[in-house]
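Accompanying notes for the structure given below.
Just so it is clear: chains get the letters A, B, ... in the order the sequence lines come, proteins before strands, and each one is counted from 1.
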Amino acid sequence: DPAIIFDLGGKFDKSFNESAHNGAQRWAEETGESYNEFEIQSDAQREQAIRRFAENGNNPVVMAGFSWATPLAEAAGDYPDTKFVIIDGVVEAENVQSVLFAEEQGSYLVGMMAAMASESGTVGFIGGMDIPLIRNFACGYAQGVKAVNEDAEVIANMTGTTPAAWNDPVKGSELTRAQISQGADVVYAAAGGTGVGVLQTAADEGILSIGVDSNQNYLHPGQVLTSMMKRVDNVVYQSFMTGEDIETGGLRIMTLDNGGVGYALDENNAELVTDEMKAAVDEAAAAIAAGEISVHNYNSDESCPVMSF
Amino acid sequence: MNELPRWADVVLVPLINIALAFIVAGLVVLAIGQNPIDMVYFMVKGALGSTSSIGYTLYYTTNFIFTGLAFAVAMNAKLFNIGGEGQAAIGGLGAALVLLAIDWPHWTLALPAAIIGASVFGAGWAAIPAYLQAKRGSHIVITTIMFNFIGAAILGYLLNGLLKKPGQQVPESRSFSEGAHLPNFHEMLQPFGIAFNKSAPANISFFLAIGAAILVWLLIWRSRIGYEIRAFGNSPGATLYAGISSVRVTIIAMLISGALAGMMAINVVMGEQERLIKDFVEGAGFMGIAVSLMGRNHPFGIVLAAFLFGMLNQGGFELMWEMPEISREMVLVIQALIIIFTGALVNMTRDPIEKIFLRLHKKGAA
Amino acid sequence: MDFLQFILTLDSTLRLSTVLLLACLAGLFSERSGIVDIGLEGKMLISAFVAAAIAYETGSVWMGLAAGMLASLIFAMIHGVASIIYRGDQIISGVALNFLASGLTVVVGDALYRQGGQTPTLAGSARFSEITLPFADALRDVPILGPIYSELISGHKPLVYVAFLAVPLVWWVLFRTRFGLRLRAVGENPSSVDTAGVSVVGMRFKALLITGLLCGIAGAYLSTSQAAGFGKEMTAGRGYIALAALIFAKWRPLHAMGACLLFGLLEAVSNLYPNIDVFGLFTIPVQFTQTLPYILTVIILGGFIGRAMPPNAIGQPYVKER
Amino acid sequence: MSETAPAIELKGISKSFGPVQANKDISIRVMPGTIHGIIGENGAGKSTLMSILYGFYKADAGEIFINGKKTEIPDSQSAIAAGIGMVFQHFKLVKVFTVLENVVLGAEDGEMLTPSLVKARDELTNLAQEYGLNVDPDALIEEIGVGMQQRVEILKALYRQADILILDEPTGVLTPAEADQLFRILARLKEEGKTIILITHKLREIMEITDTVSVMRRGEMTATVKTADTNPAELAELMVGRKVLLRVDKTPAKPRETVVEVRGLNVTDSAGVHRVKDVSFEIRGGEILGIAGVAGNGQSELLEVLGGYEKATGEILINGQAIDLTGAHSDGQSRRKRGIAHVPEDRQNEGLIMDFQAWENMAFGYHHDPNYQKNPLLMDNRKIRDETQAKMERFDVRPPNPDLMAKSFSGGNQQKIVLAREIERNPDLLLVGQPTRGVDIGAIEFIHQRIIELRDEGKAILLVSVELDEILGLSDRIAVMFDGRIMGERLPEETDEKELGLLMAGITDTKTDHSVAEVEAQLANAGGAPRKEV
Ligand SMILES: Nc1ncnc2c1ncn2[C@@H]1O[C@H](COP(=O)(O)OP(=O)(O)OP(=O)(O)O)[C@@H](O)[C@H]1O
Ligand SMILES: Nc1ncnc2c1ncn2[C@@H]1O[C@H](COP(=O)(O)OP(=O)(O)OP(=O)(O)O)[C@@H](O)[C@H]1O
Ligand SMILES: [Mg+2]
Ligand SMILES: [Mg+2]
């Protein structure tokens, strides 16, 4: 059987892990087969969890989250017959497939939408834990905003520096209010479970919000502008489908072009996304896919041309 | 009035209390619709069922021995050091700095250096609350808790900045050099032809912990400073009369305590992760309190209690595979119940048992 | 910083202080009666969970509040049985109850909702909504006073008002009633209360009862007012900060309010201005601003702002016969 | 007599604390309008019996009758309802409360405080006039002296309309003049028809004021007699069960050269109170200097300075060499090295660690002794234990078992352990504080003999005691301290309790007569508040 290991925050974080979980579920429903899963409680359990699955004979073993990189690098060599997939991290090993997402591209699109929806010209970003990955979200978002409105202001806050930052909806809520007080009328939450508090408060306070990872539009219908989709579910689904034959030893990048990232449009936000908005964004998406617009990746040089952290 | 025979005091009462804790935990399990017998079975099997399980159990045991000893040393001076968590975290920082500083040629050189790094940093982190307690009377319980938060923030800051491996997401340091690798049980037992799981994290730190327990025993019950620590703990007022400096005792006890807590990092940071990660302490600092209480602040008892808690931890981990309906936090519930029954509610069982012994005694005398 | 933003910072301060204040007043009763309560954290946590779960199940936030208070009360009573009746160590009992709350909330929450210990998101009547005071909208545009009234004073969730109105009430109970006199006496010298014909056990249990109820409100506030549901470990050390505020306040209700507002302000400022730029010379990192409440607590406890004398009999079980 | 019911009748009261049987089948009758004394050695069970009557403890067996009616007294509330008031050996007052609040506590009239306080203030004025019990209702307890505190306790009982008043060792903390004042109040209460039970160790007081007296021994009531029909010697014998030497047996001192010289000593404590003012004296080898004084007048600080744990200014010379009074080397350890041994006033909180075994206690304060080290790191526990065994036998500690915890020895035997430790160190100067507090008469004899023996070996001894009998009996010279100063020095054979009592109240002109009011006013002037619970 294949197996999936979730990151801290758990499979029902309404965000990243949940997206992975959905992919696995979809596979199970379609194939009628079963898989193993595990939610770790702390960083120190990572290696133990990987080994537990490998020794149990699960194959492939998919893990979602950048934090898996080091423990996987440690363990992978001991199980040459097991195929591993790591999402958001890079491990150079024969039996590991590394999957990265071009978050900056998806964020760019929702940034454009934010700028167009904003009346005040000020938009917000609330990140989870302050790490390069999240800064990349912020940077892509800011680039999208500036592309629409050169003068727009982007207020960015990170929830914290510990993994607890993924799970602090109260803090998310306060940060949202703080940004509202600074004039923001659209906030983008890239903060895992913390984002639930962001979206909640935005809805309570009558401003728009943007979800992340999964489609979060349904959380507050009519009040979530869109969600930056990071199709972790697709990666998990495909990995499970391919099974033991999965190609390893390389890096796979999920972009706008190959459907890895995108923005969500459904009945919950249909009224919020104007035709004009949609047209502009789709055009940009095509341009990015074609390489005509290049969105700067924060990770490439640990800096962002349009904002500082 | 101590009418309980010693064996009843140190064996019978704790055993009854642990049993009570498990009974209540069992009720919780029943309440969420699961079978408590299965739970215990899978936990024991998960903790001792294979050399891999044993390796993990001993690995956790090692942590708990260190943090338990840390709490006990301070507790003998009646100082509630709730700061094991932060002291271990900063101890890890100390060990990591030492191990990252140079390319260590061999673990026999790296280990003593890391021990110094971990214990000096751990002790340093305990020193400020100790000083504030001794000199300014600030309640050590609160200050050490605050230092847990501050320690975590410092570690977070450094792992996001100075110590972070460039270009990576995870707030963790780069891995230590090969030479800093500590022999694990597999490597240690192989020469004797004993097969032990290759990847189980138990390592030579386990023996370091046992050694520390023996040293703590000598320190507390055989040395002069230990005498002073116990005297101060039993009767702070009396130390003035005897010319024992309360400031000195408070600070020394806390330094030793912090150093021991810091040593936990040898097991985790050096022995298992081989790099500095965030939150590697995983509550072991807090669990040290329970371990020490159960072990009645005595090194021998602490080693046994640490093993029990190690089993719980590892058994609880395995339980998630066997009974995914039971959240791993169940382990925390069991541990909390053990603290409640063996720590806070001791007299609930002790009083009646004492009465029984008193009656038997009177009958015997008559 | 313009005036409105200043007001909004204070507004945020009020929201953030509320939990601390409720917990701090809760701790005041316990500690004034001579019982150390390091378990404020756990009581809030269990209440936050139960309140969210019951509010979700019944759809009524008031049911949730009541249930949360009950849960916290049960924890307070366990602490009472351990420390009053069985003369157990109060710190150990408190620490253990904190663990128990951490574990139980997730075990039960996971068993009920299978969401990794979280409760489902609360909506509508399962959450507290804001109260707009009379004329708030009409007065909004009056300079200075308008924003103060309509932003700062009006427009909070009911429990915020409960917390701040509780302050004078607690003061009055403590210093103007028979109960208050006995409460203060039992924390100073329990045998004086005993020989005066008042039950020490009874007084201490009454005190813990109030502690339990107030902590219950604090916890329910977290999950049904400030957030919309329970999340694992959502108290995040606020119980300890409340305890520190209590010491800072020297166990007095009005001072407690001041201390909690200060901690709330620190949190609000660190939310609003995570990286503080000092004259463009260097930046105070966010880790520092976020850690400020803890650092401040240590400084306060270091006696640099006057030494706090706790109730005389605090922490010691009352034993007549050894 | 048979027609009036006794105010109090106890029948077959028994009470155990774990293995200790404090009261065994005790019966007693106290007639209304009388003062009934209870005497007995320490630990005889007097306080326990009274606490049972007051509902503080619950008896294991027995019945209580109040005014002929069987009454259940499960708690103090019921005792108060039955008209009983009690002044405990250790006062039960809230120190940070005012007098008024202490009086009202537990006897409030309703939920609101203010009406109760107003009413109590009036009532206190009345009581003050009626019985001469003047106290400032708004004074904080921690700021008034012990004598005043005792009045508050009596007022508490009267405010609750007690008809039966129990006083447990009320004079232990009072000067003779204050005690006289108390007895006048008690006489007045008796006139009013109140019944009083008085526990005391002082046979003189029993003879002076009681109508009947009961004697307790080892938990049993051994006798009840009319005071008029007995005498102190008989009572002492009833108490101990054998004839007792009520006087100390000693030969005149043969002083040698000066061992300790104290010059211009001043002590200010951590609270900023000036405790010892300009004290100078000297003690020669082979003599005992006794320091008399009401507790809290600087004697304790004097001992602490000499013992090395209180800082001071001035000069102390031991065998002609100055010792450091302020620096880093001023602690108990350095004093011991200079040949000073110290039997502290409070053996349970200072002299011993109650949860240490006897042998561990024998090293207490001397744990740095090189003889006790096995090697530079470890102590030689076996050696300490063997030494302890021998010392315990020499000092007749019962049982002579070095492995028992200090707490499991009786008070007298605990004191012997401390004495054994300090005297066997063969010090040049022995400091002794309250050597026989809480010790039974048999042990007192033994302890006094040991102190005299040490003197006869040529050592200097500084004795601090609140017991005037002890001071008069043991000392070769007596200094009286009041408000931190030495009021004067007397020779025991040339003075008496009355003169010392006046000096203890700070009155140096001891030749003329002084009224009680004068003594009292003088005491009220004394500087420092009482330092710790006595
Ligand atoms: N609360 C208690 N717990 C245990 N033992 C006690 C307690 N109170 C008294 N005892 C023991 O009971 C016995 C009688 O004590 P009690 O205080 O009644 O004596 P007493 O005659 O009042 O002595 P004293 O003259 O010292 O006041 C003693 O052995 C004492 O140690
Ligand atoms: N508070 C207490 N708790 C437990 N045991 C006690 C307590 N007080 C006294 N005891 C025990 O009771 C016994 C009698 O103690 P107590 O102090 O009454 O003796 P005593 O008759 O006063 O003797 P001494 O004259 O030597 O003081 C002691 O052996 C002691 O072990
Ligand atoms: Mg007594
Ligand atoms: Mg005695």
### Task
Report yes if some heavy atom in the side chain of D:Phe97 is under 4.5 Å from a heavy atom in the side chain of C:Asn189; otherwise report no.
no
### Message
Could you check whether atom CE of C:Met63 has more than 12 heavy atoms from other residues, nucleotides or ligands sitting under 6.0 Å from it?
### Response
no
### Message
For the interface with chain D, which of C:Thr195, C:Val198, C:Asp194 has the highest count of heavy-atom pairs at distances below 4.5 Å?
### Response
C:Thr195
#### Entry: Which atom of C:Ala196 lies closest to which atom of D:Arg160, heavy atoms considered
CB-NH2, 3.7 Å
### Query
Would the number of heavy atoms belonging to other residues, nucleotides or ligands and lying under 6.0 Å from CD of D:Gln161 be above 12?
no
### Summary
Max heavy-atom pairs within cutoff under 4.5 Å with chain C, candidates D:Ser116, D:Gly106, D:Ala81, D:Ser51, goes to D:Gly106
### C:Ser192 vs D:Leu105 side-chain heavy atoms within contact, under 4.5 Å
yes
## Note on the structure
Taken to the nearest 0.5 Å, the spacing of C:Trp172 CH2 from D:Leu113 CG works out to 10.0 Å
### Check: C:Thr177 and D:Glu111 side chains under 4.5 Å, non-hydrogen atoms
no
#### Entry: Spacing of CG belonging to D:Leu117 relative to CZ belonging to C:Arg176, to within rounding of 0.5 Å
9.0 Å
## Note on the structure
Output for pair (C:Arg182 CZ, D:Glu108 CD), nearest 0.5 Å, gives 4.0 Å
